[in-house]
Amino acid sequence: LDTPFFCTLLMGHFVNENMIDKSLDAMSRRYGGKPKNKTEVFSKISKFFGWEYIPIEMMSEYSTNDSEITDDLFWKLLPEFNSQGFQELWEVERDWIRFLIQVEAAGISIDEELCESEIKVGTEEMERVAEQIGGNPASPKFLESLLNSLHIPIKKTKKGNPSFNKEAMKEYEIALEAQQNPLAQLVLKFRGWQKTVSTNYKAYLRLLSPDRRLRPNYKIHGTVTSRLSCEDPNLQNIPRVSEHRWNGRLKKAFIARPVYTLWEGDYSNLELRMAAVYSN
């Protein structure tokens with residue numbers, strides 16, 4: 001859009017960055033408006049068959065309602081948005097949104113052959129490891145027994161059950177990395193391939209656009225601090241190339257367009273420098 005525009009989702013984030021749910025339905029209700037027009041039948045069709053199977057008459061009512069509650073929400077948000085002094089900042093935000101639209105539209109090519117080859121290698125390696133240790137380390141129950149045999153403390157949930165969430169797994173992997181025990185190294189190898197194959201190589205192939213380019217969704221509202229985040233896939237979180245085979249070729253999966261070159265940049269001690277500036 002070349003003309004001025006607003007975004008109710010981002011306006012909601014501006015006026016209250018701690019709001020947990022900034023979906024249209026949640027925000028409309030929060031500000032006293034109508035909910036989304038989603039009948040039980042509509043929800044079941046979209047869940048079990050997909051949005052393309054929703055009858056046009058039903059979709060028409062749903063879409064019309066969406067437009068109405070968005071407009072209603074905008075006029076309810078605007079006074080609060082203006083009273084917090086965001087008019088000038090929004091001019092900058094609009095340019096930032098336009099830029100991100102261009103970035104998403106450009107996308108990036110990937111080496112599909114390399115991804116498929118690495119998936120094959122990784123799957124075979126995981127099968128070999130599972131055979132060697134007599135079980136599947138992807139199973140929480142089996143992983144718990146492996147960690148116990150290696151004397152690695154198991155983190156617990158609030159209910160006292162073994163925890164295998166993202167944060168717990170990071171700690172387990174650090175503990176496994178520190179051990180020279182062959183079993184620990186095998187578990188680490190399995191976990192490394194499992195993550196890279198599913199989160200990276202398979203995701204890149206699954207999320208390709210019809211023109212064979214990868215287009216992640218950049219989120220301006222995804223963090224409380226307004227730092228840009230990224231999903232489907234998260235291209236802001238590509239593991240560093242390491243001596244481990246599972247990460248060794250990951251960055252080679254990205255290909256520059258003809259006559260373009262890929263550059264990699266990183267900030268040097270960014271947090272330290274920012275802290276020095278803020279503290280004078």
Side-chain angles (χ1 to χ4, degrees), residues 1-47 51 54 57-107 158 165-167 207 215-237 267 270-280:
L1 288 169
D2 294 326
T3 55
F5 64 87
F6 286 89
C7 168
T8 51
L9 187 152
L10 289 171
M11 288 171 76
H13 184 68
F14 271 52
V15 300
N16 182 2
E17 71 276 15
N18 295 309
M19 203 187 306
I20 294 169
D21 190 346
K22 292 183 277 285
S23 65
L24 177 58
D25 189 59
M27 283 178 58
S28 180
R29 291 170 188 264
R30 184 186 179 94
Y31 284 88
K34 291 188 288 187
K36 274 180 170 275
N37 187 9
K38 244 185 181 181
T39 63
E40 190 179 343
V41 175
F42 185 106
S43 298
K44 283 182 176 177
I45 295 172
S46 62
K47 181 180 178 181
W51 285 74
I54 295 168
E57 299 81 10
M58 203 179 279
M59 183 58 87
S60 177
E61 285 181 24
Y62 172 82
S63 306
T64 304
N65 180 69
D66 259 25
S67 302
E68 287 173 356
I69 63 176
T70 303
D71 184 59
D72 182 51
L73 176 62
F74 168 71
W75 293 109
K76 286 173 177 170
L77 273 171
L78 191 61
E80 195 176 347
F81 185 81
N82 288 339
S83 70
Q84 290 192 39
F86 288 128
Q87 303 93 319
E88 196 173 321
L89 181 59
W90 186 252
E91 296 293 324
V92 178
E93 191 78 358
R94 271 197 286 247
D95 289 339
W96 177 226
I97 293 166
R98 289 187 178 109
F99 172 72
L100 283 177
I101 288 169
Q102 289 179 327
V103 172
E104 286 189 0
K158 286 181 181 177
N165 63 20
K166 194 176 175 182
E167 295 309 312
L207 294 165
R215 292 183 170 86
N217 175 30
Y218 288 101
K219 297 170 73 175
I220 309 174
H221 68 288
T223 63
V224 172
T225 59
S226 293
R227 178 182 61 78
L228 192 66
S229 65
C230 181
E231 64 180 6
D232 296 331
N234 184 0
L235 293 189
Q236 290 187 176
N237 189 22
Y267 291 105
L270 179 62
E271 290 86 352
L272 187 66
R273 292 167 191 268
M274 295 277 282
V277 170
Y278 279 119
S279 62
N280 294 318

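Model, not experiment: these values are computed from the prediction.
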**Study point:** Flag, side chain of Asp25 to backbone of Lys36, donor-acceptor distance under 3.5 Å
**Key:** yes
Check your understanding: Below 4.5 Å, heavy atoms only, C-beta onward: do Glu93 and Phe86 meet side chain to side chain?
Key -> no
Point to revise | salt bridge (Lys or Arg N to Asp or Glu O under 4.0 Å) against Arg273, all qualifying residues, sequence neighbours excluded | key: none
**Study point:** Trp90/Cys7 under side chain to side chain contact (heavy atoms under 4.5 Å, CB included): CA gap, chis, key distance, verdict
**Key:** CA-CA 10 Å; Trp90 186 252; Cys7 168; 4.0 Å; yes
Exercise for review: Would you check if Arg98 and Asp95 make a side-chain contact, meaning some heavy-atom pair closer than 4.5 Å?
Suggested key: yes
Check your understanding: Does the side chain of Arg227 come within less than 4.5 Å of Gln236's, by heavy atoms?
Key -> yes
Point to revise | Side chains of Arg30 and Asn16 in contact at under 4.5 Å (non-hydrogen atoms) | key: yes
Just distance, no hydrogens or angles: give the donor-acceptor pairs under 3.5 Å from side chains in residues 71-81, sequence neighbours left out.
{"residue": "Asp71", "atom": "OD1", "partner": "Trp75", "partner atom": "NE1", "Å": "3.3"}
{"residue": "Asp72", "atom": "OD2", "partner": "Lys76", "partner atom": "NZ", "Å": "2.9"}
{"residue": "Lys76", "atom": "NZ", "partner": "Tyr31", "partner atom": "O", "Å": "3.2"}
{"residue": "Glu80", "atom": "OE1", "partner": "Tyr31", "partner atom": "OH", "Å": "3.3"}

Point to revise | Trp51 side chain reached by Ile54 side chain, heavy atoms, under 4.5 Å | key: yes
**Study point:** Any Met58 side-chain heavy atom under 4.5 Å of Val41 side chain
**Key:** yes
Exercise for review: Side-chain contact test, heavy atoms from C-beta onward, threshold under 4.5 Å: evaluate it for His13 versus Met19 and give yes or no.
Suggested key: no
Exercise for review: Output all residues satisfying salt bridge (Lys or Arg N to Asp or Glu O under 4.0 Å) with Glu91, sequence neighbours left out; order by chain, then residue number.
Suggested key: Arg94
Review point. Quick check: does any side chain N or O of Arg29 sit under 3.5 Å from a backbone N or O of Pro35, one acting as donor and the other as acceptor?
Key: no
